[in-house]
Amino acid sequence: MRRPVLLVIAHGSRDPRHAATVHDLVRRVRSLRPGLRVETGFLDFNIPSVKGVLESLDAEGVRDVVALPLLLTRAFHAKSDIPAVLAEAPPRLRIRQAEVLGPSPLLLSALERRLYEAGLTPADKSSTGVVLASAGSSDPEAIAVIAEIAREWRHTGWCAVRPAFASAALPRTEQAVRELRDLGCARVAVAPYVLAPGFLPDRIARGAAGADVLADVLGAAPEVARVLLERYDAARVPVLAAVGA
């Protein structure tokens with residue numbers, strides 16, 4: 001029995017850095033799981049579209065697909081957009097939608113990797129306040145998840161961790177930076193909790209002007225690739241059970 005195809009579903013962006021980063025991440029996933037077929041589809045702006053990929057897979061005779069939202073929280077795209085697109089797939093395809101990537105301890109490890117790459121060291125943790133800067137959402141569940149991740153991360157040794165949002169919710173990155181300064185942290189770092197560059201990550205970067213350290217986006221960090229495979233494996237089991245594997 002062949003393993004289901006992994007279809008990574010990204011939002012898409014007019015910013016070419018977005019698609020380039022998504023493709024870098026998918027290449028890393030392939031390198032970690034040789035033999036697994038991994039395809040990429042975009043909801044908007046970029047090609048191939050999710051609809052086009054699904055139609056091509058159907059035409060090839062593929063029957064089992066795990067559709068994995070390249071998202072960090074369960075907000076509108078995961079709850080509405082992606083299920084709607086998958087519902088229009090060719091009827092012969094058996095599709096299981098995997099869970100979004102976050103939260104995950106591996107993503108916290110990836111955030112710390114990016115902070116250390118930006119110049120911090122483990123010895124800096126106790127004197128450094130961190131802004132966990134996400135894209136933001138109007139979905140209360142997504143906002144609550146970011147706040148909980150910040151609370152969890154604080155317990156790993158940082159001076160303080162504050163959530164911030166580039167859109168739809170408050171505080172903004174620059175407000176959280178000021179709050180950590182007022183709290184007395186010796187240095188302030190901004191950790192973008194976003195997967196790829198684009199409009200909102202650029203807004204985060206502008207808001208980090210008053211910080212001492214700005215980390216890169218999560219991108220193709222190996223920890224992120226491992227989370228993708230964890231979500232694929234969790235979704236894959238019901239797919240195989242459904243076809244008697």
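Both backbone and side-chain heavy atoms feed into the values below; hydrogens, waters and symmetry mates do not. From a predicted model like this one, the values you see are computed outputs, not experimental measurements.
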Heavy-atom closest contact (Gly129 atom, Cys159 atom, distance):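 Between these two residues, the closest heavy atoms are N-CB, 4.0 Å.
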
If we ignore hydrogens and angles and just use 3.5 Å, is the side chain of Arg114 paired with the main-chain N or O of Leu218 as donor and acceptor? yes

Check: Leu6 and Arg33 side chains under 4.5 Å, non-hydrogen atoms: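 The answer is no, as the side chains (C-beta and beyond) never meet within the 4.5 Å cut-off.
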
Considering all heavy atoms, the nearest Ala118-Ala215 contact: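 Heavy atoms only, the tightest pair is CB-CA, 4.0 Å.
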
Verify the cluster assignment for Leu183 and Val188: are they in a single hydrophobic cluster under the rule of side-chain heavy atoms below 4.5 Å apart?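 Yes, it is one cluster - the side chains of Leu183 and Val188 are joined through contacts under 4.5 Å.
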
Using the rule that Ile, Leu, Val, Met, Phe, Trp and Tyr join whenever any side-chain heavy atoms are under 4.5 Å apart, tell me whether Val85 and Leu71 fall into a single cluster. yes

Between Ala150 and Val161, what is the shortest heavy-atom contact and its length? O-CB, 3.6 Å

Can you see which heavy atom on Trp158 is nearest to which on Thr128, and at what distance?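 The answer is CE3-O, 3.7 Å.
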
Check the pair Arg37, Leu57 against side-chain contact (heavy atoms from CB on, under 4.5 Å), reporting the backbone distance first and the verdict last. CA-CA 11 Å; Arg37 181 172 179 180; Leu57 291 173; 3.5 Å; yes

Measure the CZ-CG distance between Arg30 and Leu229 for me, rounded to the nearest 0.5 Å.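 Reported to 0.5 Å precision, the distance equals 12.0 Å.
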
Let me confirm one number: the OH-CG distance from Tyr193 to Leu72, rounded to the nearest 0.5 Å. 4.5 Å

Does any N or O in the side chain of Arg92 come within less than 3.5 Å of the main-chain N or O of Arg63, such that one atom is a donor and the other an acceptor?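 Flag not set: sc Arg92 to bb Arg63 has no pair under 3.5 Å.
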
Assess the residue pair Arg74 and Glu141 against the criterion (salt bridge (charged side-chain N to carboxylate O under 4.0 Å, His left out)); give the C-alpha distance rounded to whole Å, side-chain angles, the decisive distance to 0.1 Å, and a yes or no. CA-CA 7 Å; Arg74 287 191 75 252; Glu141 178 187 349; 3.6 Å; yes

Measuring only between side-chain heavy atoms, which start at C-beta, is Ser104 closer than 4.5 Å to Arg231? yes

Is any side-chain heavy atom of Leu111 closer than 4.5 Å to a side-chain heavy atom of Leu132? yes

What's the spacing between Leu68 CG and Leu70 CG if we round to 0.5 Å?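 Reported to 0.5 Å precision, the distance equals 7.5 Å.
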
Donor-acceptor pair, Arg94 side chain versus Pro91 backbone, under 3.5 Å? no

Tell me whether Leu7 is reachable from Val62 by hopping between hydrophobic residues (I, L, V, M, F, W, Y) whose side-chain heavy atoms are closer than 4.5 Å.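 Same cluster: Val62 reaches Leu7 through Ile, Leu, Val, Met, Phe, Trp or Tyr contacts under 4.5 Å.
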
With a 4.5 Å heavy-atom cut-off, do Tyr232 and Pro4 have their side chains touching?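 Tyr232 reaches Pro4 side chain to side chain.
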
Note, Val65 side chain near Glu39 side chain (heavy atom, < 4.5 Å): no

State whether the side chain of Asp212 and the backbone N or O of Ala189 hold a donor-acceptor pair below 3.5 Å, judged by distance alone.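 Checking the backbone N and O of Ala189 against the side chain of Asp212, no donor-acceptor pair under 3.5 Å is found.
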
More than 12 heavy atoms from other groups under 6.0 Å of CZ on Arg226: no

Decide side-chain contact (heavy atoms from CB on, under 4.5 Å) for Arg162 and Leu180; before the verdict, give the C-alpha distance in whole Å, the side-chain angles of both, and the deciding distance to 0.1 Å. CA-CA 8 Å; Arg162 294 289 185 272; Leu180 291 172; 3.7 Å; yes

Compare all side-chain heavy atoms of Leu32 with those of Leu228 and state whether any distance is below 4.5 angstrom.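 No, side chains not in contact.
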
Should Leu54 and Ile95 be marked as a side-chain contact (heavy atoms from CB on, under 4.5 Å) after you check the CA-CA gap, both sets of side-chain angles, and the distance that decides it? CA-CA 10 Å; Leu54 291 172; Ile95 303 174; 4.0 Å; yes

Can you tell me how far CD of Glu179 sits from SG of Cys185, rounded to the nearest 0.5 angstrom?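 Cys185 atom SG to Glu179 atom CD measures 9.5 Å (nearest 0.5 Å).
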
For residues 194-207, which side-chain donor-acceptor pairs fall under 3.5 Å, sequence neighbours excluded?
{"from": "Asp202", "atom 1": "OD1", "to": "Arg17", "atom 2": "NH2", "distance (Å)": "3.2"}
{"from": "Asp202", "atom 1": "OD2", "to": "Arg17", "atom 2": "NH2", "distance (Å)": "2.9"}
{"from": "Arg203", "atom 1": "NH1", "to": "Ala166", "atom 2": "O", "distance (Å)": "2.7"}

Counting N and O atoms only, with roles assigned by atom type, does the side chain of Arg28 sit under 3.5 Å from a partner on the main chain of Ala220, one being a donor and the other an acceptor? yes

Other residues, nucleotides, ligands: >12 heavy atoms within 6.0 Å of Lys125 NZ: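 It does: Lys125 NZ has more than 12 such atoms within range.
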
Surrounding CG of Leu170 (heavy atoms of other residues, nucleotides or ligands, distance under 6.0 Å), is the total greater than 12? yes

Could you walk me through whether Glu55 and Lys51 satisfy the salt bridge (charged side-chain N to carboxylate O under 4.0 Å, His left out) test, starting with their C-alpha distance in whole Å, then the side-chain angles of each, then the deciding distance to 0.1 Å, before giving a yes or no? CA-CA 6 Å; Glu55 290 174 350; Lys51 180 176 182 290; 2.7 Å; yes

Could you state whether Leu214 and Tyr116 fall into the same hydrophobic cluster, counting links through intermediate Ile, Leu, Val, Met, Phe, Trp or Tyr residues with side-chain heavy atoms under 4.5 angstrom apart?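 No: no chain of side-chain contacts under 4.5 Å links Leu214 to Tyr116.
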
Shared hydrophobic cluster, Val145 / Val227 (ILVMFWY, side-chain heavy atoms < 4.5 Å): yes

Between Asp24 and Thr21, is a side chain to side chain donor-acceptor pair (under 3.5 Å) present by the stated rule, with each step listed? CA-CA 5 Å; Asp24 285 345; Thr21 302; 5.3 Å; no

So which heavy atom on Phe42 is nearest to which on Gly12, and how close? CD2-CA, 3.7 Å

Checking side-chain contact (heavy atoms from CB on, under 4.5 Å) for the pair Gln97/Leu86: CA distance, chi angles, key distance, verdict? CA-CA 8 Å; Gln97 181 174 328; Leu86 298 180; 3.7 Å; yes

Lys79 NZ to Thr73 OG1 distance, which is reported to the nearest 0.5 Å: 8.5 Å

Thr40 side chain to Val8 backbone, donor-acceptor under 3.5 Å: no

How close do Val130 and Trp153 get, counting heavy atoms only, and between which atoms? CG1-CZ3, 3.5 Å

From His11 atom NE2 to Ile82 atom CD1, the distance as rounded to the nearest 0.5 Å: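 Here the interatomic distance stands at 9.5 Å.
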
